[in-house]
Amino acid sequence: MAVKTWTNGSLDGDLGNGANFSPTGALATGDDLFFVKSNNSPVTTGLDQSAGAGLHLGLIQTERGFTAGIGATGNPLIITCNRLVHRGEGQLWYKDGTGTSLQWTREVVIASPEMSAYAAVLDGAAIERILLRRGRTLLAGSLQSIARLEIGHENNPLSDVDCEVASGAKAIGSLVLNGGRQLLTNCAVNMATCRAGLWRHESGDIGILVNDGSTVVFNPDAAQGEIFRAILKSGTLDTLQTSRAKTIRRLLRMPGARLLRDRGLLTVDGVLGGDGEFIGDTEEV
């Protein structure tokens, strides 16, 4: 196990060339890999490290000031690691490259100041935890299971975070929205806890939604997805953005929380008022 720094000493942008690291030598399983601003050079070839058992690193990290790109459209870095931290301003194209050793990417942290374009595009078989602290991120359509997706900092609801989850077969186990500019989802979410920021949900079931301060825009029609249980403590649940028939199976709305709905379009099987009394589908909004 070694600590490697990308130097691009051979000037060929090849991640598979051992001469491009300090100390020299090809990457090996368990290594830590750093991209630093003093060696600000792009990675353009040798990006697919998933052959055989697949190369699994300990840590991959880009530091602030590293503005070069890693990978490109259709040519991402394919690898797995315990932790990936992207703080640089360059674009990162990353694909979890699970190999026959059944290793997968445990945690990805995106904390890049890049907002004009995607700071990171994440893809692959499975990423256990994705923590978005700053920057604009796309979770690609073929990315599969995500155990936990956390947006923003819990104590900083004004975090500069923008995330789009493209449509696909993926499912998010736990979604935590602490803040940020906008989260856009097109997939199933098992459990969502929202404290601040804006979430626009376009397709996929939501198992449990707990809203405690966010604006949640729920757009799927009844065939595209429904909310099985919504607990509105504060903030807004908006179902008026599209003229589609929508379904919420169970709803608890506390005093001060807002539910925006068209009675002709939204079906709510059961509504509880702030005092816990079951009042059917007659809640005034």
Side-chain angles (χ1 to χ4, degrees), residues 108-111 113 115 129-137 139 146-165 171-220 225-242 246-263 265-266 268-279 281 283-285:
V108 174
V109 180
I110 305 299
M115 293 295 293
R129 295 180 299 276
I130 300 176
L131 311 178
L132 305 182
R133 304 307 192 197
R134 194 178 181 193
R136 186 179 174 203
T137 300
L139 307 185
I146 304 168
R148 181 182 177 89
L149 173 62
E150 184 174 318
I151 313 292
H153 293 274
E154 184 171 356
N155 298 317
N156 182 12
L158 299 179
S159 303
D160 286 334
V161 180
D162 190 323
C163 177
E164 178 181 348
V165 184
I172 299 172
S174 175
L175 168 64
V176 179
L177 180 61
N178 291 313
R181 296 188 184 183
Q182 176 172 275
L183 168 65
L184 177 66
T185 54
N186 286 275
C187 67
V189 178
N190 183 48
M191 172 75 186
T193 303
C194 305
R195 302 187 178 100
L198 171 64
W199 175 22
R200 303 183 66 90
H201 185 68
E202 300 295 336
S203 65
D205 290 334
I206 299 176
I208 300 174
L209 166 65
V210 179
N211 190 12
D212 195 12
S214 295
T215 296
V216 179
V217 179
F218 183 71
N219 286 332
E226 59 187 43
I227 301 175
F228 290 91
R229 185 177 298 272
I231 301 171
L232 308 183
K233 300 170 72 175
S234 64
T236 300
L237 175 57
D238 184 355
T239 68
L240 289 176
Q241 296 296 310
T242 62
K246 304 174 184 71
T247 300
I248 300 175
R249 295 297 178 185
R250 290 290 184 272
L251 173 66
L252 171 62
R253 185 170 74 92
M254 305 300 290
R258 302 181 67 209
L259 172 62
L260 306 181
R261 63 170 174 168
D262 183 329
R263 293 181 184 281
L265 292 174
L266 180 65
V268 183
D269 289 348
V271 180
L272 295 176
D275 57 2
E277 179 186 2
F278 181 76
I279 57 176
D281 192 19
E283 185 78 10
E284 295 298 329
V285 297

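The structure presented is a predicted model; accordingly, all values stated were derived computationally and were not measured.
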Roughly how far, to the nearest 0.5 Å, is the [atom2] atom of [Y] from the [atom1] atom of [X]?
| X | Y | atom1 | atom2 | answer |
| --- | --- | --- | --- | --- |
| Cys187 | Leu139 | SG | CG | 8.0 Å |
| Ile172 | Ile146 | CD1 | CD1 | 5.0 Å |
| Ile130 | Ile110 | CD1 | CD1 | 8.0 Å |

If every non-hydrogen atom of [X] is compared with every non-hydrogen atom of [Y], which pair is closest and at what distance?
| X | Y | answer |
| --- | --- | --- |
| Asn190 | Gly173 | CB-O, 3.1 Å |
| Arg258 | Leu232 | O-CD1, 4.3 Å |
| Cys194 | Asn211 | O-OD1, 3.5 Å |
| Pro220 | Gly225 | CB-O, 3.8 Å |
| Gly207 | Phe228 | O-CB, 3.3 Å |
| Ser214 | Leu177 | OG-CD2, 3.7 Å |

Checking [X] now: which residues fulfil side-chain contact (heavy atoms from CB on, under 4.5 Å) with it, not counting sequence neighbours?
| X | result |
| --- | --- |
| Met191 | Thr193, Ile208, Val210 |
| Asp262 | Leu240, Leu265 |
| Arg200 | Gln182, Leu184, Leu198, Glu202, Val217, Asn219, Gln241 |

Residues that [X] engages under salt bridge (charged side-chain N to carboxylate O under 4.0 Å, His left out), provided they are two or more places apart:
| X | result |
| --- | --- |
| Glu164 | none |
| Arg229 | none |
| Arg195 | none |

Under 3.5 Å donor-acceptor, [X] side chain and [Y] backbone:
| X | Y | value |
| --- | --- | --- |
| Thr239 | Leu260 | yes |
| Ser234 | Asp212 | yes |
| Arg133 | Gly152 | yes |

Tell me, do [X] and [Y] make a side-chain contact under 4.5 Å, heavy atoms counted?
| X | Y | value |
| --- | --- | --- |
| Ile206 | Phe218 | yes |
| Leu149 | Leu175 | yes |
| Asp160 | Pro113 | no |
| His153 | Asn178 | no |
| Leu209 | Ile248 | no |
| Val268 | Arg261 | yes |

